[in-house]
Colleague: 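Could you have a look at this structure, given as C-alpha cells, before my questions?
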Amino acid sequence: LSIAGMIEKRSEHSLAEAILDEAKKQKVALPKATSFEAVPGKGVKATWNRKKVLFGNRTFMEENKVKIQSLDGDSIVLEDEGNTVMFLALNQKLEAIIGVEDKLREEAAHSTAILHHLGKHLVLISGDNERVTHALAEKIHIHKIHSQVLPKEKAEIIKGLQKEGRKVAMIGDGINDAPALAQADIGIAMESATDVALEAGDIILTKNDLRHSITAIELSEYATQKIKQNLFWAFGYNVIALPLAAGVLYPFTGWLLSPIIAGAAMAFSSVSVVGNALLMKRFKPSIPMNE
C-alpha cells in the first residue's frame, strides 16, 4: 500500500484517490518516487529505490511481460465481486494485487430507471474488464456495455453512435472521460470531475448527483420547445403583417393596413414572445431540485 500510494500520489485517476485515502486511513508512510509516467487507460510507471515500479491493470502487466498467474485466481474472485483489480510489480516481478470497489452512487439505479422511462438509450463505457463492467451494469439495468476501453476508444464509440444518427450525451468525471465528453453532442461533467473533464464538458452539474443530469436534459428540451413556440409566433405575425403593410390587398380591396395597427401588432408580437419565455418559470423537473 505504501508503494502503491507513492506511485498514485502524482496520478489524477479516480482510483488513485481511493488508494491514497486507504493509505491515509492506515497511516502508511509514502516514499518518494524518482520518476513517474502515466499510461492512459492502463497504469502508471515509476522508479523507486533503483527499482522499476509498475502499477496497473492486467493488460498493462502483459505488455510489460510481468507474469501474473500466481495471483490471477484471486484477482478473478475480486473482479467477480465488482472490484477493479490493480497489479503491483517491482522489477518485472508481481508483488501484490489491490482491489478497489467502485461503489454505486445511491441515486444511480433511480437515475437509469428514469432515463429508460424517458426513452433514452443507455450505454455503459468503462475501462474496467468485462466481469467488473457487467457486474456494475446489472445493478443499474444497463444492457449495452463496452469494457476495457481506452480513453481514445471512448471517443470512437461516441462517434459510432453519432454515425447511427443518435444525439449523444456523455456523463463523466474522470481524466479518461475527457475525449468522449468533448466528442459527444453534449458533455455532462460531474462537480467532482477532474479539471480536464470539467474543461471538456458542456454542462457542469453543481451537485454530485446523477439525477441532476436528467433535470438538465428536461430543461434543455423544455427550452427548445419554448424557442420553437417563440419562432412560430414571431414569424407568424411578420408573415401575415408584412404583406398587409406592403399593400398586397390594396389592388383588390382598396384596403391598407394602418400604421397604428401595424405598430400595435409588432408590439404584441414582442410581448407574446417575452411572455411565453417567462412561462419557463413554471418548469417542474421530474426530480425536485432540492433533493
Colleague: Using 0.5 Å steps for rounding, measure from the CD1 atom of Ile188 to the CD1 atom of Ile203.
Modeller: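 Those atoms lie 5.0 Å apart.
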Colleague: Compare all side-chain heavy atoms of Glu218 with those of Leu118 and state whether any distance is below 4.5 angstrom.
Modeller: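 Yes; the side chains approach each other to less than 4.5 Å.
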Colleague: Decide yes or no for Arg105 and Asp209: does some side-chain heavy atom of the first lie under 4.5 Å from some side-chain heavy atom of the second?
Modeller: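 The answer is no; the side chains never approach within 4.5 Å.
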Colleague: Between Ser2 (side chain) and Ala29 (backbone), is there a donor-acceptor pair under 3.5 Å?
Modeller: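 Judged by distance alone, yes, a pair lies under 3.5 Å.
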Colleague: Would you list the atom pairs, donor with acceptor, under 3.5 Å between side chains in residues 149-160 and any protein atom, with sequence neighbours excluded?
Modeller:
unit_1	atom_1	unit_2	atom_2	d
Glu153	OE1	Leu150	N	2.9
Lys154	NZ	Asp177	OD1	2.8

Colleague: Do the non-hydrogen side-chain atoms of Met170 and Ile186 ever get within less than 4.5 Å of each other?
Modeller: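 No, their side chains stay 4.5 Å or more apart.
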Colleague: Salt bridge between Asp72 and Arg58, side-chain N to carboxylate O under 4.0 Å?
Modeller: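 Counted as a salt bridge, because a side-chain N and a carboxylate O are separated by less than 4.0 Å.
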Colleague: Run the side-chain contact (heavy atoms from CB on, under 4.5 Å) check on Leu78 and Thr84 step by step: do they pass?
Modeller: CA-CA 8 Å; Leu78 286 171; Thr84 298; over 6 Å; no
Colleague: Going by heavy atoms in the side chains, are Leu94 and Ser70 under 4.5 Å from each other?
Modeller: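 Counting from C-beta outward, Leu94 and Ser70 do come under 4.5 Å.
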Colleague: So does Lys52 get a backbone contact from the side chain of Thr47, meaning a donor-acceptor N/O pair under 3.5 Å?
Modeller: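 No.
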Colleague: So does Val168 get a backbone contact from the side chain of Asp185, meaning a donor-acceptor N/O pair under 3.5 Å?
Modeller: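 Looks like yes, one N/O pair under 3.5 Å.
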Colleague: When you check the gap from the basic side-chain N to the acidic O, do Arg131 and Glu138 get nearer than 4.0 Å?
Modeller: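 Judged by the 4.0 Å cut-off on N to carboxylate O distance, Arg131 and Glu138 do not form a salt bridge.
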Colleague: Just wondering, do Ser126 and His146 contact through their side chains at under 4.5 Å, heavy atoms?
Modeller: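 No, too far: nothing below the 4.5 Å cut-off.
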Colleague: So how far is it from Ile68 CD1 to Phe87 CZ, rounded to the nearest 0.5 Å?
Modeller: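 Interatomic distance, Ile68 CD1 to Phe87 CZ, rounded to 0.5 Å: 4.0 Å.
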Colleague: Please enumerate all residues that pass side chain to side chain donor-acceptor pair (under 3.5 Å) together with Gln225, with sequence neighbours excluded.
Modeller: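 Gln225 satisfies side chain to side chain donor-acceptor pair (under 3.5 Å) with no residue once adjacent residues are dropped.
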Colleague: Do the side chains of Val44 and Phe60 get nearer than 4.5 Å, heavy atoms only?
Modeller: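 Counting from C-beta outward, Phe60 and Val44 never come under 4.5 Å.
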Colleague: Side-chain contact, heavy-atom cut-off 4.5 Å: Asn83 with Val132?
Modeller: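 Not in contact.
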Colleague: Which residues satisfy the side chain to side chain donor-acceptor pair (under 3.5 Å) test with Glu37, sequence neighbours excluded?
Modeller: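 Partners of Glu37 by the side chain to side chain donor-acceptor pair (under 3.5 Å) criterion come out as none, since no residue qualifies.
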Colleague: So, the side chain of Asn49 versus the backbone of Lys51: is there a donor-acceptor pair under 3.5 Å, distance only?
Modeller: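 Not confirmed, Asn49 side chain does not pair with Lys51 backbone.
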Colleague: Would you call Trp48 and Thr34 a side-chain contact if the rule is heavy atoms closer than 4.5 Å?
Modeller: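 No - every pair of side-chain heavy atoms lies 4.5 Å or more apart.
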Colleague: Rounded at 0.5 Å granularity, tell me how far OG in Ser147 sits from CG in Asp128.
Modeller: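 One finds 9.0 Å between OG of Ser147 and CG of Asp128.
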Colleague: So, Lys207 and Glu191, do they make that salt bridge, N to O below 4.0 Å?
Modeller: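 Answer for the salt bridge query: no.
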Colleague: Is it true that a side-chain atom of Thr133 and a backbone atom of Glu130 form a donor plus acceptor pair closer than 3.5 Å?
Modeller: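 The answer is no, because no donor-acceptor pair under 3.5 Å joins these two groups.
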